[in-house]
Amino acid sequence: MNILEMKQISKKFSGVYANEAVDLSVKKGEIHALLGENGAGKTTLMNILFGIYSADEGEIFWKGKKVKFYSPKDAIAEGIGMVHQHFSLVNKMTVLDNVILGLRKQGFFLDRKGAKKKLGELAEKYGLSVDPEATISELSVGQQQRVEILKALYRNVELLILDEPTGVLTPQETEQFFDVLRKLKMEGYAVIIITHRMSEIMSISDRVTILRDGKKIIDLVTKETNPTELSNYMIGRQLDYDFEVKETEQKKSALFLQNVTVRKAHKKPVLDEINLEVYKGEILGIAGVDGNGQRELAEVIAGIQKTTKGKITFYGEEIAAKNIKERFARGISYISDDRHQDGLILDMNVEENLILRQYERRPYLKSGIFQKNIIRENAVKTIEKYRIKTSGTSTGDTQVKLMSGGNQQKIVLAREITEHSKLIIASQPTRGLDIGATQFVRQVLMEQRNEGKSVILISADLEEIMQLSDRVAVMFGGKIVGILKKEEAELEKIGLLMGGITKEETN
Ligand SMILES: Nc1ncnc2c1ncn2[C@@H]1O[C@H](COP(=O)(O)OP(=O)(O)O)[C@@H](O)[C@H]1O
Ligand SMILES: [Mg+2]
């Protein structure tokens, strides 16, 4: 029997459908995956179910009864729990207090001891071990996620919704997490898991519902499908995954970091004695759980952060004292992981954003006058070459803020990668992009490598790292804890290093 049925759910935001006549049914004791590209409408659909948004049209049946939830409280009271992409725990409070938060009824004292016992039992039963007296801020992301799940279980939910839960986990943490889900399923819980990773869907789910452009495309039984079929339904067309990977020499050193350290105030260094060589004609992947020094590494090479100590040599020249502009002039390009903060000026148009790095130089500025025609020509050429979709006509006067993430990223790439570039630092270059744009970006990076340039690819997407990199360096706690050649760079090895377990310990 279906424990949940959503029928013909529609929801518009400013006149545009985020969900359009979507059906979803979930059985008791099943793990149901919700798959779709960014913006497909997955989170919206779940927010409607959880009472955060109300649908414009459609009906929800929960255990056979028609329901309408006006807030998450209503949904929880009926037995539906949701763990959001961004957790909603109170950082300064303990695990136990977070779990029982909001449960204290007026006039009653909550039995803290009893609560602790119940929490302990739940944790034990499902393998969600976490110290009830620990403060949330001392916990790892994986542990915080356990607390979120415990909080839902504590409220006796029967359906648990998980919105992209594995994005923040290492492969090993993901495996442990999946074991928890399997136990929940055995106990008869229903689980809806949102993910865009095919391998995860194949390993954890019983059924899959695929959304595209706000519409439900198909329901599939996981055992009867495969990753290629899933991907084709998700994007609605076939993709060519094969890049041309040319033989390049990879002997000549392009960049050399020696004992590079960055320390802020008296805290632990954010970059700790980094020694790293990057060759010509290679893509060096940098893997790691977000926040282990990857961003600082990118910024110290691009010239945004100063080194506290150490040497940076680029084609034989010491550049640690050079600023961003001087480094760009020497061929160091930087694609920032935050295109809205650092990459683009959203209120400016395409033409202007494309020349941000060189507007005060010829040919764009001559004798103190901006060369409007040349600036425009540059934009028209770039729009064509990168197949950038501007609004309406193909002119460059569209404001960048009106464009999709994929098209914005193309502008950053086009501006940063010039014929003078020798080293491209690409930080999370495909994060938030749809598959089409993702493929485009990867293709561009591979072409640069094939031409003999160097690419440093920082990415949280391990499949991307493994697909593109000639070598993979793994960062943990501000250090490079291992460098693997393409042949050695297996998912498991990278995963262990990402968790701070170094080579010697794994052997
Ligand atoms: N609160 C909101 N206001 C306006 N537009 C929204 C809002 N939430 C989602 N959308 C839009 O609805 C569409 C679906 O978004 P979402 O459900 O978050 O997709 P997914 O979770 O599949 O990535 C997107 O185009 C998004 O921009
Ligand atoms: Mg979402």
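Numbers here are sequence positions counted from 1. Order of appearance sets the numbers: ligands from 1, and atoms from 1 within every ligand.
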message: Given a heavy-atom cut-off of 4.0 Å, could you list the residues near ligand 1 in chain and number order?
response: F13, A18, E37, N38, G39, A40, G41, K42, T43, T44, Y53
message: A cation-pi test, strictly: NZ or CZ of K12 under 6.0 Å from the centre of the six-membered ring of Y17 and no more than 45 degrees from its axis. Yes or no?
response: yes
query: Would H32 and S205 count as a side chain to side chain donor-acceptor pair (under 3.5 Å) if you check the C-alpha gap in whole Å, the side-chain angles of each, and the deciding distance to 0.1 Å?
result: CA-CA 6 Å; H32 196 108; S205 72; over 6 Å; no
- request: Look at atom CD of E121 and say whether more than 12 heavy atoms of other residues, nucleotides or ligands are closer to it than 6.0 Å.
  value: yes
task: Consider only side-chain N and O atoms of T174 and T166, and report whether a donor and an acceptor are under 3.5 Å apart.
output: no
- prompt: Around the Mg ion (ligand 2), what protein N, O or S atoms are found below 2.8 Å?
  reply: T43 OG1
field: Exercise: do E20 and S10 side chains pair donor with acceptor under 3.5 Å
entry: no
query: Taking the six-membered ring for Trp, are the ring centroids of Y53 and F69 within less than 6.0 Å of each other?
result: no
field: Flag if over 12 foreign heavy atoms under 6.0 Å of CD, E492
entry: no
- prompt: When you measure from the centre of the six-membered ring of F13, is the NZ or CZ of K11 under 6.0 Å away and within 45° of the axis?
  reply: yes
query: Under 3.5 Å, is there a donor-acceptor pair between the T44 and N19 side chains?
result: no
